[in-house]
Amino acid sequence: MTLPMFLLLASALFSVGLYGALSQRAAVMVMMGLELMINGVVVAAAALWWFLAPHEPDGQVLVLVVITAMTVEMATGFAVVTLLFRSGDVDMTDMAGELRG
């Protein structure tokens, strides 16, 4: 595959994620859209790094670190959404602002 193909894939992932994050009201669906957007950015960064410096492992290590951080961040986000749902049957983003601590 060539660099423009990878960038097209990355822009498609980012676009679908942006549409998903802006069009949905359920918190889990918004988080899935954000995950797709971040994956699009990671694919673009990895492709650029691979085509600019193919013999340097720095880009691959950075991609692994970013994917690990995304995994931890999404697990924390899903835990917060689960806690909101259990505390008051709230699964919509506009209802979550009405909760009191």
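Only this structure's heavy atoms are used, side chains among them; waters, hydrogens and symmetry mates stay out.
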Do [X] and [Y] sit in one hydrophobic cluster, given that two such residues count as connected whenever their side-chain heavy atoms are within less than 4.5 Å of each other, even indirectly?
X: Trp49; Y: Val65; result: no
X: Leu3; Y: Trp50; result: yes
X: Met74; Y: Met29; result: yes

Q) CE of Met5: more than 12 outside heavy atoms within 6.0 angstrom? A)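 Incorrect, the count does not exceed 12.
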Q.
Within this structure, what is the CE-CG distance for the pair Met70 and Asn39, rounded to the nearest 0.5 Å?
A.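 Reported value, rounded in 0.5 Å steps: 4.0 Å.
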Q) Just how far is it from atom CE of Met32 to atom CG of Leu36, taken to the nearest 0.5 Å? A) 7.0 Å
Q: Kindly give the heavy-atom pair with the smallest separation between Phe51 and Thr2, and that separation in Å.
A: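 So the two residues come closest at CZ-C, 3.8 Å.
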(Q) On a heavy-atom basis, which atom in Phe6 and which in Ala47 lie closest, and how many Å separate them? (A) CB-CB, 3.5 Å
All side-chain contact (heavy atoms from CB on, under 4.5 Å) counterparts of [X], not counting sequence neighbours:
X: Val63; answer: Val42, Ala46, Ile67
X: Leu18; answer: Leu22, Met37
X: Tyr19; answer: Ser23
X: Glu56; answer: Ala53, Asp58

Show me the side-chain donor-acceptor pairs of residues 9-16 shorter than 3.5 Å, one per line, residues at least two apart or across chains.
from  : atom 1 : to    : atom 2 : distance (Å)
Ser11 : OG     : Leu7  : O      : 3.2
Ser11 : OG     : Leu8  : O      : 2.9
Ser15 : OG     : Ser11 : O      : 2.7

Q: May I ask you to list the residues sharing a hydrophobic cluster with Leu83, side-chain cutoff 4.5 Å, ordered by chain and number?
A: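 Its cluster mates, by chain and number: none.
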Q: Could you please spell out the steps behind the side chain to side chain contact (heavy atoms under 4.5 Å, CB included) verdict for Glu73 and Ile38?
A: CA-CA 11 Å; Glu73 175 254 334; Ile38 294 171; 4.3 Å; yes
